Amino acid sequence: MNNITAVKGFKDILPEEAHHWHQVERIVRGVFADFGFQEIHVPILEKTELFTKGIGDTTDIVEKEMYTFRDRGEDSLTLRPEATSSILRAYIEHSMFSRSSVTKLFSIGPMFRRERPQKGRYRQFHQIDVEVLGAEEPQADAELILMLVHLFKMVGLENLSLDINSLGCPECRLIFRQKVIDFLQDTHDSLCPDCQRLLVNNPLRVFDCKNDSCRRLIQDAPSILDFICEGCRCHFNQVRTCLDMFGMPYNLNTRMVRGLDYYTRTTFEITVPHMGSQNAVVGGGRYDGLIRDLGGPDIPGIGFAIGFERLMSLLQDRQESPPPPVLFIAALGSEAQAAAFKLCNRLRLEGIRVEMDYAGKSLKSQMKKADKSGSLYTLILGEREIQAGEGELRDMGSSKQRTVPLDNLKSHIVQ
RNA sequence: GUGGGCGUAGCUCAAAUGGUUAGAGUGCCGGGUUGUGGCCCCGGAGGUCGAGGGUUCAAGUCCCUUCGCUCACCCCA
C-alpha cells in the first residue's frame, strides 16, 4: 500500500461522522441564536505576527507548534492555531466596535497545531469559538458561562466539571508572579527541568505541571486570589455571585492557569474525567488588553473555545444515524430502468428522499440493497408495470404491498 | 521533542518450537432457497504478510535498518 495517505494528524471526517457533527452544530447554533450571537467566518491563514503578538511568543503554541511558512518569499504566514486572534483582527479591521458597544460572535472551524497526535488531539482539529467584545461587566462573564453549561445540557451532557479562577490584571499578576518566583526559588532544584525553565519565562504555568513532585511543591504555593487587586477581586466576586444566582456549581481552582498569555481576570475550563490529560473540552476566559495589544481600541473581551472532536467523543453513545431514504426504486430491465431513473429524480425534485440502483442488477440484489438502505418503501418496476403506468409499492415495515399509479406516487407515501 | 505498543484481505483478527499453493469471520460480487427482500446454503473476487537488507536449504515468524499507525508524557480545546 503505497497510496497517498492523509497528512499525519489530519483526519477525514467520514459521512456518518459528518452527520453527527452536523446534528450537534445545529443544536449549538440554536443556543447561540438564543443568546444573541452572530456567526463570523475568518480565514484560516493569517500573518504570523498576529499570533506572536496575541498568544504570546513564549508559549508552546507559538514556540513550537505553529505551521508557519513564507508565502513565496513574501510575508510569513501561519495556519491559525486558535481563533480568537483572527476574530479580533477582523473586529478591529472592520471597526466593528463602532456598530454597537457590545459584539457577540461565534465561529466554527479548523485549527492547526503541530503536536504529536494522540487520542483527542490532532494537528488539524476543530473548535467552536465564542467571543463577547465590549463588555467589561462581570455579568458578561457569568452569562457566557451560563450559556456554555446550557449548551452542554442541550447536546445531552450534564454534570461536567466547571473550574473557574481569576488571573487578575497585568498589574496585580506581576506582583503575584514575583511571589511565585520567590516561593519556588528555594525549591528550584527539586522542580522538573521544564518547570525550571518556566520559572524564568512564565512562572505561573508551573501550576499546570503534572509532575508529582512539582505538584507537591506547588500545593503550599501562594494563591493568586490573595494577591489580586481590589478591582479584580471585586469583579471576580461578582462573577461568582452571578453564578450562584443561577445555581451553577463550580470548582474554585486557584491553580488553573491558561496556556495562552492574553488571558486576564476570569478564566474557566470544563474538564471530563477518564480522558487522560486531553480532558479539557472547553477553555476560556477574559482578555481585556488583547484588542489594544493587537492595535485596536482598548476594549475588553471574553470568550471560550470548545474542542469539537473532544465534545463529539463524549457524545458517542447517543449518535443517530443519517436518515434513510423514504423510497427505494428497484427496476427490472432497461426500459424500466430508464423510467425509474426519470421517476427517481422527479421525486427528488419534489423533495422526497429516493434511491435506486443504476447497475440494473437482479431483483434480489436490488431488494437487498433496498433493505440495507433502511428505506421506508420499495417500489418495484418491471416492463409490465411501466406499460400500465403503475408499480408495486411495498411498505417495508408491514411488508404489505399494493399497486399504485406512478404519476400519483407521492400521495401513497407517508413520510 | 521523549517513551511504550502494533503493522497479515476493504474491516476485525488467526497462522505452536522458522517448513508445502498464508487462513477464518465480516463486508463486497454472483448463484441457490424463499411469500420477489431479511434467515440459511453454495461459489467468486480481493494479500508484493508496511518497506529495505541480513541469517538460513527454507522467514509472516529470527536479527538490523527504515517508514507508518497508535497510546502515553509534554502542551492544549
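Just so it is clear, the model here is predicted, and its values are computed rather than measured. In what follows, chains carry the letters A, B, and so on, assigned in the order in which the sequence lines appear, proteins first and then strands, with residues in each chain numbered from 1.
- Put simply, the side chain of Gln278(A) and the base of C75(B) share a donor and an acceptor less than 3.5 Å apart.
- Side-chain atoms of Asp261(A) and Thr59(A) form no donor-acceptor pair, as typed in the model, at a separation below 3.5 Å.
- Looking only at distances, no side-chain donor or acceptor of Arg123(A) sits under 3.5 Å from a matching main-chain atom of Arg114(A).
- A donor and an acceptor atom never sit less than 3.5 Å apart when one is taken from the side chain of Arg121(A) and the other from the base of C71(B).
- Between Gln127(A) and Val7(A), it is Val7(A) whose nearest contact on RNA chain B lies nearer the 5' terminus.
- Between G60(B) and C13(B), the two C1' atoms lie 14 Å apart (nearest whole Å).
- For the pair Arg114(A) CZ and G1(B) C1', the computed distance is 10 Å after rounding to whole Å.
- Comparing the same atom, C1', in U65(B) and in A72(B) gives a spacing of 25 Å after rounding to whole Å.
- Among the protein residues, Lys372(A) comes within range of the sugar-phosphate backbone only, with heavy atoms under 4.0 Å from sugar or phosphate atoms but none that close to a base.
- Counting non-hydrogen atoms under 4.0 angstrom, Ser365(A) reaches the backbone sugars and phosphates but no base.
- Summarising the geometry, the separation between CD on Glu309(A) and C1' on A77(B) is reported as 9 Å, rounded to the nearest angstrom.
- When both distances must be under 3.5 Å, the Watson-Crick or G-U wobble mate of U26(B) is G10(B).
- Taking 4.5 Å as the limit, some side-chain heavy atom of Leu252(A) sits within range of a side-chain heavy atom of Phe236(A).
- Put simply, CE on Met66(A) is 17 Å from C1' on G1(B), counting in whole angstrom units.
- Taking atom C1' in both U8(B) and A15(B), the straight-line distance is 9 Å, to the nearest Å.
- Between the side chains of Asn345(A) and Arg348(A), at least one donor-acceptor pair of N or O atoms lies under 3.5 Å.
- Contact annotation for Ala370(A): no contact, since no heavy-atom pair falls under 4.0 Å across all strands.
- The base of C74(B) sits with one of its N or O atoms less than 3.5 Å from a complementary donor or acceptor on the side chain of Gln118(A).
- A gap of 16 Å separates the P atoms of C49(B) and C62(B), to the nearest Å.
- Rounded to whole angstrom, the span from the CG atom of Leu393(A) across to the P atom of G37(B) amounts to 17 Å.
- When the C1' atom is used for both U33(B) and G25(B), the distance is 23 Å, rounded to whole Å.
- The same atom, P, is picked in G68(B) and in G31(B); the two are 44 Å apart, to the nearest Å.
- One can place CZ of Arg402(A) at 23 Å from P of G35(B), the figure rounded to the nearest angstrom.
- Separation of the P atoms belonging to C64(B) and G4(B) is 14 Å when rounded to the nearest angstrom.
- Residue-to-nucleotide proximity on RNA chain B shows that, of Met396(A) and Glu269(A), the 5′-proximal contact is made by Met396(A).
- Contact annotation for Asp371(A): base contact, defined as any heavy-atom pair under 4.0 Å involving a base atom.
- Between the side chains of Ser161(A) and Asn251(A), at least one donor-acceptor pair of N or O atoms lies under 3.5 Å.
- For C62(B), the paired nucleotide is G54(B), the pair qualifying as Watson-Crick or G-U wobble because both relevant distances are below 3.5 Å.
- Taking the C1' atoms as reference points, G50(B) lies 11 Å from C6(B), given to the whole Å.
- With a cut-off of 3.5 Å on both Watson-Crick or G-U wobble distances, the partner of U2(B) is given as A72(B).
- For Lys369(A) and C29(B), the shortest distance from a side-chain N or O to OP1 or OP2 is not below 4.0 Å.
- Using a 4.0 Å heavy-atom distance criterion, Lys64(A) is classed as making no nucleic acid contact.
- Residue contacts for Gly120(A): at a heavy-atom cut-off of 4.0 Å it reaches a base atom on one of the strands shown.
- Taking atom NZ of Lys368(A) as the reference point, atom C1' of G27(B) lies 11 Å away to the nearest angstrom.
- No donor-acceptor contact under 3.5 angstrom links the side chains of Glu355(A) and Ser375(A), judged on distance only.
- Between the side chain of Arg310(A) and the base of C76(B), at least one donor-acceptor pair of N or O atoms lies under 3.5 Å.
- Ring stacking is absent between Phe308(A) and A77(B), as the pair misses the limits of under 5.5 Å between centres and under 30 degrees between planes.
- Atoms OH (Tyr287(A)) and P (A77(B)) sit 13 Å apart, rounded to a whole Å.
- Nucleotide G46(B) is matched to nothing when pairs are restricted to Watson-Crick or G-U wobble geometry with both distances under 3.5 angstrom.
- Atom CD1 of Ile306(A) is separated from atom P of A77(B) by 13 Å (rounded to the nearest Å).
- Minimum atom distance to the side chain of Glu65(A) is reached by C75(B), of the listed G37(B), C75(B), C71(B).
- Gln278(A) and Gln118(A) share a donor-acceptor pair across their side chains, judged by distance under 3.5 Å alone.
- Relative to the side chain of Arg116(A), the nucleotides G1(B), A77(B), C76(B) differ in distance, and G1(B) lies closest.
- Between Glu131(A) and Lys104(A) there is no salt bridge, since no side-chain N of the basic residue sits under 4.0 Å from a carboxylate O of the acidic one.
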